[in-house]
Each structure stands twice: as C-alpha cells, then as structure tokens.
Amino acid sequence: MTKSYVLKPSTREATELSNLRSELNPAQWDAVTFREGSCLVIAGAGSGKTRVLVYRVAYLVNSGVDPEQILLLTFTRRAAREMLQRASLVLDERCGRVSGGTFHSFASTLLRRFSKHLGLHPNFTILDRSDSEDVIQLIRTELGFDKIKKRFPRKKTLQQILSACVNKQLEIEEVLEKSHPHFLDFLGEIEALQARFNEYKLSLSLLDYDDLLVYLKLLLSTEPRIREEISSKYRFVMVDEYQDTNCLQARIASLLSSVHKNLMVVGDDSQSIYSFRGADFRNIMGFPKQNEGCKVIKLEENYRSTQPILDLTNEVIAGALRSHEKVLYSRKKSEQKPVYVETFSENEQSRFVVQRVLELREEGVALNEIAVLFRNGWHSNDLEVELSASGIPFVKYGGIKFVEASHIKDILAHLRVCHNPMDSVSWLRILLLLEGVGPQTAKDLIERIVTVRGSFDALVDKDLEKRKFFPLLEKLRDTLVAVRECHGTLGEMILIIDQYYRPILKNHYDDFQKRIPDIDSFEAIAERYRDLEEFLVEMSLEPPERSQTDVDPLDKDQEQLTLSTIHSAKGLEWHSVLILHLVDGFLPSERSLESPEEVDEERRLLYVAATRARENLYLLKPSLQSPGRGNYYQSATRGFQMVSRFLTEGDILNDKVEQWRLVPEDKPEKKDPRRSTQELMDDVHRFLAEHSKKK
DNA sequence: CTTTGCAATATTTTT
DNA sequence: TATTGCAAAG
C-alpha cells in the first residue's frame with residue numbers, strides 16, 4: 001500500500017517568508033507585496049528601503065516569477081550586488097539571477113546587443129570625462145576655434161556645457177544663459193562644435209557617459225519592436241534612488257515598462273544630491289501625476305539611527321527651502337547625543353579622529369563599522385597621512401580614482417585600441433608618448449589608421465620608413481598584435497604592454513619611480529578578468545577604489561576603516577560616523593553660495609551624511625585652515641573659519657549636540673568651556689611657531 | 001613639427 | 001597648487 005507523505009517547503013524558505021509579515025511594518029508590507037502597476041515608495045533615510053526592495057525581489061521570485069524577468073536599476077553596482085546578496089539570504093540563490101545594475105551599465109549591455117540598429121559598432125568604447133575633453137580638444141582644433149582671438153572656453157568647460165545640455169535636456173543657449181553667460185558670444189561656435197562632436201563620436205563608435213543614456217532612449221523610442229521585446233522580458237522594473245535620476249533616465253524607466261506598466265520607483269526627495277549632474281527631483285514628485293493609478297507608499301519609521309541623531313537631522317532638514325513634511329522617528333532610544341567637537345587645526349581634527357577610532361575599536365566596534373565622511377576628495381588628505389602613521393587600514397571612496405592616473409590611462413589606452421581600433425582618443429594618447437611624435441604626426445597617423453578601418457598595419461606603412469620614430473611604431477604594432485592574440489587573463493595582457501611601456505614610462509615621467517607600484521597593483525586587479533570587453537566596461541563604469549591595502553596586498557581581508565565623500569556614502573550605514581570640516585565654505589561649499597537651490601542641496605548633503613549613523617555621530621569643525629596646505633587663497637583669505645550655517649540654526653548647537661572641548665593631556669579642564677581670547681591667541685602663536693619649524 | 005619653459009587661471013560632488 | 005595655454009627655441 002502506498003502512503004502519501006506531505007513534504008513541507010524548505011524550513012528556511014518557510015520561516016523567512018512566513019515571518020515576513022511580522023518583520024515588516026504595514027507600509028513596508030504594502031510595498032513588498034505590491035504586484036502590478038506603478039508604485040512610488042517614498043522612503044525616508046533608514047526607513048528600510050533596501051529591505052523592502054530585497055524582500056520584494058524574494059517575494060516575487062518565491063511566487064514563481066523568473067528572476068531574470070525582474071530588473072533592478074540602482075545607482076551603483078555595489079548597491080545592486082549587496083541587495084541581491086541579501087535577497088539570496090532571505091530566499092535562495094535564484095535571487096542572484098535577477099537582472100540589474102546601473103542605468104549606464106545596463107545601457108552598455110543593451111546597446112552592444114542592438115548596436116546595428118543605431119549604426120554603432122558592438123565594440124564601442126566608453127569615454128570617461130577626460131576622454132570626452134580630449135575629443136572636444138581634437139574637434140576644437142579641427143574647426144579652427146583655437147585661433148579665435150578672444151578667450152574661448154577651455155575644453156573642461158565645453159565638456160561641462162555639452163554634458164549639461166544632454167542631462168538636463170536643454171539647448172546650449174539655455175545652459176549658457178544659466179551658468180556661463182560670459183560665453184554667450186560663442187553660441188554659434190559651440191553649437192557647431194556640439195554637432196561635430198556627436199557626429200565624430202558616432203562615426204568612430206565612441207560613447208561618453210551621456211551617450212549611453214541618449215542612445216538607449218533613442219533605441220527604445222524609435223524601435224517599437226525592440227522596445228516591446230525588452231519590455232516584455234523585464235516584467236517587473238524597479239528603480240532605486242529615483243530622486244537622483246535625470247529626465248533621460250526617468251524616460252528610459254518608463255519606456256522599459258511600457259508594455260506592462262509594472263514600475264516601482266523608490267527614493268527620498270530630501271536625499272537628492274545629484275542635481276549638479278542633471279538629476280531632477282521633479283521626477284519623483286511628479287511620478288504619481290505621470291502614472292495614472294499610481295500607488296504611493298510612505299515609509300517614515302527609521303530603523304537605523306537613535307532618536308537623538310534623528311532629532312538633529314530632522315532639525316537640519318527642517319530648514320530646507322522645499323517643505324518636507326516627513327519627520328523621522330525611531331524606537332531606538334539613546335542618551336548619547338551627537339557629539340560636536342571644535343578642533344584647533346586640521347591636524348588636530350585628524351588626531352581626534354585617529355584617537356576616537358582606536359577607542360571605538362577598543363569598545364568593540366569593528367573598523368568596517370566606522371566611517372569618516374567629507375564634502376570633497378582632498379578633505380581627507382591630512383587624515384590619510386595620520387591614519388597611515390598609526391597603522392589604521394582604510395579604503396577611500398570617491399575623489400580621484402586610480403584608473404584616472406595618467407600612467408594607468410596609458411595602459412588602458414593600449415588595451416582599448418585592441419578592443420576598438422577606431423578609438424582615436426586612445427590612439428592619440430598612445431602616439432603622443434612616442435619620442436618625436438607630436439600632435440600633428442599623431443593626427444596623420446590616426447587618419448591612416450581610421451581610413452583602413454583600424455588595421456594596425458597602418459602604423460608600419462612603407463612611406464613612414466624614413467621617419468626616425470619608425471622603429472617605435474614597429475614595436476608598438478608588435479605589442480598590440482601580441483595583446484590581441486593573447487588569450488590569457490587581462491593581467492597577462494598588461495604584462496605584455498608593460499614590457500613595451502616601461503621604457504616609455506621612464507622616459508616620459510620624471511617621477512616614474514612612484515608610478516611603478518600602481519602598475520603592479522593594476523595588473524593584480526586585472527588578473528581577475530579574462531574578457532577584455534568586460535574589463536574595459538568595468539574600468540569605465542565601476543572603477544576600483546583606492547585603498548591603503550592595495551599597497552601591501554598581503555592582508556586583503558582585514559577590516560578597514562571607510563573614508564568617503566558624502567556622495568559616495570549614499571545608501572550606506574555605519575555604527576559610528578565622523579563628519580569632517582563642518583565649516584562654512586566647505587559645507588555648504590563656497591561655490592554653491594550664489595544660488596539658494598544649490599545651498600539647499602548642500603543642506604541635503606549634510607542630512608545624508610548625518611543619517612548614515614546608527615549609534616554615534618561626531619561632527620568636527622577645525623577652526624584654522626592650515627596655511628600651505630590645499631588651496632592657497634582659500635586659506636589666505638579665510639584663516640579662521642565659521643561653523644557651517646546649517647549647524648547654527650535653531651538650537652542645534654545648544655540642545656541637539658553634546659559639545660566636547662579638547663584639552664591637552666597635562667592640563668586639567670577649566671570650568672568655563674569657552675576659550676578665552678588670550679588662550680586662543682596662545683594657540684595661534686603655538687601653531688604658527690610649529691608650522692614655521694616644519695619649513 | 002616638437003619640445004620646452006613661462007604665464008595664466010580655475011579649484012566639488014559622479015556615471 | 002596643478003593644470004592648461006601660449007610663445008619661442010630647437
């Protein structure tokens with residue numbers, strides 16, 4: 001006789017998903033179980049936004065949706081990876097197969113597949129900002145604008161103008177009026193340059209960051225069959241950090257979901273910090289109006305930070321121009337208010353951070369649970385020196401990336417021409433490195449290469465034999481051929497290039513000694529890749545960050561302190577957060593002061609930074625900008641610095657923070673916490689004396 | 001044509 | 001301060 005035996009679902013799945021409801025608040029539950037149609041989730045900082053996305057993915061997959069039919073567009077690939085990893089923990093490895101990435105990387109993949117519909121080569125090159133600038137420079141001379149008597153904008157400015165046109169979908173005239181009115185005289189020239197720029201890039205299959213979005217939008221809007229194919233493939237589309245999308249991205253999201261209209265966007269208008277890049281918060285505010293029947297879900301309970309931290313951040317955001325109705329609240333009680341510390345010099349600030357980090361570690365807070373945040377890349381320079389001296393390992397996010405160093409770009413250029421031999425920007429770079437080759441010769445050579453559709457043999461043409469640099473060209477060609485025929489890892493390819501490149505490096509950079517270790521660590525990174533295209537795409541779209549342990553890769557897995565620009569800290573959280581340089585002119589940045597909207601964005605920046613903290617928040621303000629460090633005339637005109645205007649509002653300094661006063665080890669603390677003028681002057685003299693000693 | 005050396009000039013945040 | 005632009009020398 002056969003007996004039926006009921007097999008229950010896997011316990012993991014059962015417990016995880018059945019407990020779901022009890023683990024989520026009603027609003028979160030609504031968002032997680034939302035299925036068809038459009039939905040806007042307004043998610044305040046720390047309100048479990050990631051959790052909602054993760055659980056929704058798990059929920060959909062569990063209900064039988066093929067993971068590949070879910071598209072998750074995030075701001076960084078790191079965010080996507082983290083989310084899918086967490087989803088796999090909740091459910092199973094099926095979640096790892098969810099499609100996703102950044103708008104740009106998604107565009108890169110789709111455009112390669114459908115390149116012929118746009119007249120592109122599938123091996124197109126992605127230009128970073130400085131590559132675009134080089135192309136602009138090339139065109140500027142080609143059109144003869146370098147000979148204009150009056151001062152023509154520099155390549156950097158031109159790139160900014162053209163990029164703003166794309167990202168904000170404006171005419172050149174409008175951009176000039178708004179941000180560069182003094183260049184309005186050149187309107188005609190800039191327009192001509194723009195036309196030639198776009199034509200040029202298309203003809204050589206060079207795409208800058210903006211083009212990736214432009215061409216994806218073009219593909220989706222002009223090819224209905226492709227749009228339907230793609231939109232039917234991705235039945236559920238989710239966009240994270242929607243407040244930081246620009247109008248192109250919003251349009252793309254809507255085109256991607258045109259067949260089924262299943263589009264969920266998640267974001268928080270008070271965390272919009274990318275308007276300088278064309279992000280438009282109206283995308284998120286206007287979403288319900290543009291999508292009929294859109295469901296709006298608000299998540300307002302904060303699960304991340306303690307109430308005292310939220311008391312501070314609520315106050316900061318309350319001063320914003322745009323009214324924010326949200327007031328975040330938390331059940332995490334704590335006696336500890338955020339700490340505000342005025343240090344005397346920048347170096348004192350660094351020493352405070354080092355000491356505090358060491359103490360926190362003593363208290364059992366892991367190093368990767370601590371982050372130091374700041375407004376721009378070089379704000380951490382002094383701290384980095386101090387950290388290295390104390391042997392604290394760290395990773396730095398944001399600021400200058402190491403693939404942007406010119407010697408690394410040189411090597412990348414050699415790889416790039418192997419992938420797309422029409423890549424004239426890379427050719428220019430490669431050729432200018434050769435002794436005896438200047439802009440003119442390089443231009444001629446590139447022309448030869450392009451006319452034979454990228455054959456390397458154009459480098460060793462008979463009529464070049466007499467030129468003195470001919471032997472160099474032969475070597476170059478042999479190297480590139482060897483790389484192209486190398487079927488090993490990218491590390492091996494770089495080794496081949498390095499053999500050829502090392503003498504050039506020594507010849508070309510007088511500080512070549514310092515650059516050699518970089519090449520070695522670049523090679524180590526490249527060792528992980530086998531596919532040239534994948535490597536190049538990743539290097540331009542998700543380049544590796546600079547870390548202290550890159551220098552000695554022995555202890556790779558050890559804990560590291562995070563240093564990060566506030567922009568790169570978006571979406572992340574730490575147990576303890578220290579914010580540097582809360583000085584008026586740094587945050588808000590001096591350059592934002594003319595426009596109230598920009599100051600408002602700086603305020604949101606502070607808001608984002610402060611809401612990263614779970615338990616401890618330290619706000620630091622050095623009083624004196626060190627002379628001789630950083631920006632010359634900033635320090636010269638400033639000297640003493642005022643605390644950021646965002647902290648002087650209301651009762652923040654009196655009530656929302658606990659002020660710490662630094663005292664030297666040997667002196668007992670005085671009753672009056674304020675520094676007397678005499679003391680202050682003593683400090684100044686001590687400081688100046690110390691400083692002149694160093695010189 | 002290239003290279004070199006001097007003068008001017010603009011400085012954030014990122015895919 | 002670092003980078004770019006310009007002019008003169010090689």
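Remember, it's a predicted structure, so these values are computed and weren't measured experimentally.
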| request: From the options Lys201(A), Arg429(A), Arg416(A), select the one residue that forms a salt bridge (charged side-chain N to carboxylate O under 4.0 Å, His left out) with Asp423(A). | output: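 Of Lys201(A), Arg429(A), Arg416(A), salt bridge (charged side-chain N to carboxylate O under 4.0 Å, His left out) with Asp423(A) is met by Arg416(A) alone.
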
What's the [atom1]-[atom2] distance between [X] and [N], to the nearest Å?
X: Asn381(A); N: dT1(C); atom1: CG; atom2: P; result: 14 Å
X: Lys156(A); N: dT13(B); atom1: NZ; atom2: P; result: 10 Å
X: Arg604(A); N: dT13(B); atom1: CZ; atom2: P; result: 18 Å
X: Leu207(A); N: dT15(B); atom1: CG; atom2: C1'; result: 13 Å
X: Phe374(A); N: dT12(B); atom1: CZ; atom2: C1'; result: 13 Å
X: Glu598(A); N: dT12(B); atom1: CD; atom2: C1'; result: 10 Å
X: Lys401(A); N: dT13(B); atom1: NZ; atom2: P; result: 10 Å
X: Gln249(A); N: dT14(B); atom1: CD; atom2: C1'; result: 11 Å

More than 12 heavy atoms from other groups under 6.0 Å of [atom1] on [X]:
X: Glu435(A); atom1: CD; value: no
X: Ile400(A); atom1: CD1; value: no
X: Lys156(A); atom1: NZ; value: no

Between protein and nucleotides 4-7 of chain C, what N or O pairs are separated by less than 3.5 Å?
unit_1, atom_1, unit_2, atom_2, d
dG5(C), OP1, Arg140(A), NH2, 3.0
dG5(C), OP2, Gln137(A), NE2, 3.2

Compare the minimum distances between each of [options] and the side chain of [X], then state the nucleotide with the smallest one.
X: His567(A); options: dT13(B), dT15(B), dT12(B); answer: dT13(B)
X: Gln440(A); options: dC1(B), dT13(B), dT12(B); answer: dC1(B)
X: Asp444(A); options: dC1(B), dT12(B), dT14(B); answer: dC1(B)
X: His104(A); options: dT13(B), dT15(B), dT12(B); answer: dT15(B)

| request: Write down the atom of Ala371(A), the atom of Leu561(A), and the distance for their closest heavy-atom approach. | output: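 Closest approach of Ala371(A) to Leu561(A), heavy atoms only: N-CD1, 4.5 Å.
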
| When all nucleic acid strands are considered with a 4.0 Å heavy-atom cut-off, which category describes Ser568(A): base, sugar-phosphate, or nothing? |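 Touches sugar-phosphate only.
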
| task | Under 4.0 Å between any heavy atoms, over every strand shown, what does Lys468(A) touch: base, sugar-phosphate, or nothing? Just pick one. | result |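 No contact at all - Lys468(A) keeps every heavy atom at 4.0 Å or more from the nucleic acid.
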
| task | Using a cut-off of strictly less than 4.0 Å, decide whether Thr565(A) has a side-chain nitrogen or oxygen near OP1 or OP2 of dT14(B). | result |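 Result: yes.
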
| dT15(B) base stacked by Phe103(A)? Criteria: ring centres under 5.5 Å, plane angle under 30°. |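 Per 5.5 Å and 30° rule: no stacking.
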
| message | I want to confirm an ordering. Mapping Leu605(A) and Gly438(A) to their closest nucleotides on DNA chain B, which one lands closer to the 5' end? | response |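 With Leu605(A) and Gly438(A) compared, the 5'-side residue is Gly438(A).
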
| request: For nucleotides dT4(C) and dT13(B), find the distance between their C1' atoms and express it as a whole number of Å. | output: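 Pairwise C1' distance, dT4(C) against dT13(B), rounds to 23 Å.
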
| Considering only the P atoms, how many Å lie between dT12(B) and dG5(C), rounded to the nearest integer? |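 Taking atom P in both dT12(B) and dG5(C), they lie 16 Å apart.
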
| task | Report the residues that fulfil ring pair (Phe, Tyr, Trp, His ring centres under 6.0 Å) with Phe276(A), sequence neighbours left out, ordered by chain and then residue number. | result |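 Once residues adjacent in sequence are excluded, the partners of Phe276(A) under the ring pair (Phe, Tyr, Trp, His ring centres under 6.0 Å) criterion are Tyr274(A), His567(A).
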
| said: Which residues pass the ring pair (Phe, Tyr, Trp, His ring centres under 6.0 Å) test with Phe145(A), not counting sequence neighbours? | reply: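 Scan of Phe145(A) (ring pair (Phe, Tyr, Trp, His ring centres under 6.0 Å), adjacent residues dropped) gives Phe152(A).
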
| query | Do Tyr215(A) and Phe124(A) have their ring centres less than 6.0 Å from each other? | reply |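 Ring centroids of Tyr215(A) and Phe124(A) are no less than 6.0 Å from each other.
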
